[in-house]
Amino acid sequence: MTKLLYFAWVRERIGVSEEELALPAALRTVADLLDWLAERSAGHAAALADRSAVRVGVDQAFARADTPIGGAREIAIFPPVTGG
């Protein structure tokens, strides 16, 4: 099982702050995961429609679309962080 965490407007669109999921073995990268998640519900699709507007962390390290997710315990999906 992998814990998926959603933050800010990503959480609001999906409707939950976290999920524990058994990810299909065919999912190899962050991009694969986002494609798969976008098909899970209308909320997931809305949250992940613009991939340039989300960031991903795999086991608390920033990840890119080609980052492997095999063996990940926690994956966070969140909007870009701005400071001020």
Side-chain angles (χ1 to χ4, degrees):
M1 298 292 276
T2 303
K3 180 183 281 188
L4 300 178
L5 303 172
Y6 308 114
F7 295 93
W9 58 260
V10 175
R11 176 188 64 230
E12 293 169 10
R13 290 182 185 165
I14 291 174
V16 295
S17 61
E18 63 182 65
E19 301 179 276
E20 290 266 348
L21 298 174
L23 302 180
L27 303 181
R28 298 185 185 278
T29 66
V30 166
D32 293 341
L33 172 66
L34 297 180
D35 289 344
W36 182 75
L37 285 172
E39 296 177 358
R40 293 195 74 226
S41 73
H44 286 82
L48 302 172
D50 180 2
R51 304 288 165 84
S52 69
V54 295
R55 299 294 180 262
V56 177
V58 175
D59 289 332
Q60 300 188 4
F62 284 107
R64 298 171 19 154
D66 61 351
T67 298
I69 60 168
R73 290 172 297 166
E74 178 184 282
I75 299 174
I77 302 173
F78 48 94
V81 178
T82 59

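Residue numbers run from 1 in the order of the sequence given. Owing to the predicted nature of the structure, the values given are computational and were not obtained by experimental measurement.
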State whether the side chain of Arg55 and the backbone N or O of Ser52 hold a donor-acceptor pair below 3.5 Å, judged by distance alone. yes

Rounded to the nearest 0.5 Å, what's the gap from CG on Asp35 to OG1 on Thr29? Could you check? 8.0 Å

Phe62 and Leu5: same hydrophobic cluster, using ILVMFWY side-chain contacts below 4.5 Å? yes

Is there side-chain contact between Val56 and Thr67, with heavy atoms separated by less than 4.5 Å? no

Quick check: does any side chain N or O of Asp59 sit under 3.5 Å from a backbone N or O of Ala72, one acting as donor and the other as acceptor? no

Donor-acceptor pairs are to be reported for all side-chain atoms of residues 6-13 against protein atoms at under 3.5 Å, with residues two or more places apart or in another chain.
unit_1 : atom_1 : unit_2 : atom_2 : d
Tyr6   : OH     : Glu19  : OE1    : 2.5

Minimum-distance pair of heavy atoms, taken over all atoms of Gly57 and Phe78: N-CE2, 3.6 Å

Heavy-atom distance under 4.5 Å between the side chains of Val58 and Val30, does that happen here? yes

Interatomic distance, NE2@His44 vs CD@Glu39, rounded to 0.5 Å, equals 11.5 Å

Take atom CD of Glu20 as the centre, draw a 6.0 Å sphere, and report whether it contains more than 12 heavy atoms from other residues, nucleotides or ligands. yes

For Ala38, enumerate each residue passing the side chain to side chain contact (heavy atoms under 4.5 Å, CB included) test, keeping only those at least two apart in sequence or located in another chain. Leu48, Arg51

What's the spacing between Leu23 CG and Arg28 CZ if we round to 0.5 Å? 13.0 Å

Return the CD1 to CD1 distance between Ile75 and Ile69, rounded to the nearest 0.5 Å. 4.5 Å

Any side-chain heavy atom of Ile77 sitting closer than 4.5 Å to one from Leu37? yes

CG on Leu4 to CG on Leu21, rounded to 0.5 Å: 5.0 Å

